[in-house]
Amino acid sequence: MAKILSRSSFTVLWGYAVELILAVCLSVLIWLIWDKPSIDQFFERTISDWLTITSQVLFPAGVAIWITYVNLETTEFGDYLNHTGVEKAYSAAFVLPSAIFFLTSVVLVAYKGSKIAILSYASVFLLAYSLAMAFSLISNTAAVIRLYRRFKIELERERRKEMDKGR
C-alpha cells in the first residue's frame, strides 16, 4: 500500500493545523468571554496599535525573513536544503505568515472604516492567527539557523577530510 503522506509532510501539515487550531480556540474563547459590543469597544481603543503591529512590524519582518531565506536558497546551503527535502516547506513557512499578517492588516483597516459585524469576528480570528504565526515564524527562523549551523559543521568536516586526503 502506497504512503499517502510522508512523515515530513505530515509534520508540516500538523504544524499548520496546530496554528489554525490555536487561533480558532483563542478566538472562540474571546467570543465566549466578551460580547460583540465589548469587542467593538476594545477595537475602537486599540485598532491603531494592532494595525501598527501587523502592518508595520510583523508584515515587514516576515517579508524580510522570507527574502533572506530566498537569498540563502541560491547558496550551497540552499542546495543542502533542497537535498534534505525541506526547502519548499521552509519557503512556505516564511511566505504564509507574511500573507496572514498582510490579510490581518487589510481586514483591520476595513473593520476600522465600517464596523461590519463579520469583520469584527474576522479581526479577532486573524489577530489570534497572526499571534500563532509570529511564534511559528520565530521557531522556523531558529530551525533554519540550526540547519545552517549543522550544514557549516558538515561542510567543514568534508573540507578537512579532503585536505587530509591531499596530504
Side-chain angles (χ1 to χ4, degrees), residues 1-30 46 48-110 122-167:
M1 187 156 136
K3 271 185 162 178
I4 294 175
L5 283 176
S6 69
R7 183 179 171 101
S8 62
S9 296
F10 179 77
T11 302
V12 169
L13 289 175
W14 176 246
Y16 289 125
V18 167
E19 294 163 345
L20 197 55
I21 291 167
L22 175 62
V24 167
C25 290
L26 187 57
S27 299
V28 168
L29 182 65
I30 289 168
T46 63
S48 293
D49 298 328
W50 292 113
L51 271 167
T52 298
I53 291 167
T54 59
S55 66
Q56 295 178 10
V57 177
L58 294 175
F59 176 67
V63 169
I65 290 168
W66 177 68
I67 289 171
T68 302
Y69 178 76
V70 167
N71 286 328
L72 284 174
E73 286 181 337
T74 64
T75 66
E76 287 180 315
F77 179 58
D79 295 339
Y80 172 78
L81 292 173
N82 195 26
H83 175 72
T84 57
V86 297
E87 175 259 329
K88 287 184 177 132
Y90 277 113
S91 186
F94 292 130
V95 170
L96 184 60
S98 296
I100 296 300
F101 302 150
F102 180 76
L103 178 62
T104 302
S105 299
V106 169
V107 169
L108 286 172
V109 167
S123 295
V124 169
F125 170 75
L126 286 170
L127 283 171
Y129 200 26
S130 289
L131 177 65
M133 285 291 185
F135 285 117
S136 289
L137 184 63
I138 292 166
S139 174
N140 289 329
T141 302
V144 169
I145 290 168
R146 283 190 304 273
L147 277 173
Y148 184 73
R149 284 185 195 146
R150 186 178 333 157
F151 166 75
K152 292 300 272 183
I153 290 168
E154 288 180 23
L155 185 64
E156 186 62 30
R157 283 183 188 151
E158 289 298 317
R159 288 184 178 155
R160 285 185 182 161
K161 284 180 186 177
E162 290 298 318
M163 286 175 56
D164 290 344
K165 284 181 184 178
R167 291 183 189 178

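Residues: numbered from 1 along the sequence shown. Atom set for the values below is all heavy atoms of this structure, side chains included, hydrogens, waters and symmetry mates excluded.
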Inset, instruction - Begin from the C-alpha positions of L20 and F125 and carry the test side-chain contact (heavy atoms from CB on, under 4.5 Å) through to its verdict. - result: CA-CA 10 Å; L20 197 55; F125 170 75; 3.7 Å; yes

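Residue pairs meeting the side-chain hydrogen bond (donor to acceptor under 3.5 Å, both in side chains) criterion with at least one member in residues 136-146, sequence neighbours excluded: E19-S136.
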Distance-only donor-acceptor pairs under 3.5 Å for side chains of residues 92-110, two or more places apart:
unit_1: S98; atom_1: OG; unit_2: G62; atom_2: O; d: 3.3
unit_1: S98; atom_1: OG; unit_2: V63; atom_2: N; d: 3.2
unit_1: S98; atom_1: OG; unit_2: F94; atom_2: O; d: 3.4
unit_1: T104; atom_1: OG1; unit_2: I100; atom_2: O; d: 2.7
unit_1: T104; atom_1: OG1; unit_2: L126; atom_2: O; d: 3.4
unit_1: T104; atom_1: OG1; unit_2: S130; atom_2: OG; d: 2.9
unit_1: S105; atom_1: OG; unit_2: T54; atom_2: OG1; d: 2.9
unit_1: S105; atom_1: OG; unit_2: S55; atom_2: N; d: 3.3
unit_1: S105; atom_1: OG; unit_2: F101; atom_2: O; d: 3.0

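The two residues S91 and W66 make their nearest non-hydrogen contact at OG-NE1, 3.7 Å. Closest approach of A23 and A128 over heavy atoms only: O-CB, 3.8 Å.
Applying the side chain to side chain donor-acceptor pair (under 3.5 Å) criterion to E87, with sequence neighbours excluded, gives no partner residue. Judged as a side chain to side chain donor-acceptor pair (under 3.5 Å), and not counting sequence neighbours, the contacts of S48 are K112. With sequence neighbours left out, R159 forms a salt bridge (charged side-chain N to carboxylate O under 4.0 Å, His left out) with E76. Looking at residues two or more places apart in sequence or on another chain, you find no salt bridge (charged side-chain N to carboxylate O under 4.0 Å, His left out) involving R157.
Residues L147 and F151 are not in side-chain contact: their nearest non-hydrogen atoms beyond the backbone lie 4.5 Å or more apart.
Note that the CG atom of L51 and the CD atom of Q56 stand 8.5 Å from one another [nearest 0.5 Å]. Here L26 contributes atom CG and I21 contributes atom CD1; the two are 13.5 Å apart, rounded to the nearest 0.5 Å.
Remark: E156 engages R160 in a salt bridge, criterion side-chain N to carboxylate O under 4.0 Å.
Relative ring orientation between Y148 and F77 is described as perpendicular, the plane-to-plane angle rising above 60° on a 0-90° scale split at 30° and 60°.
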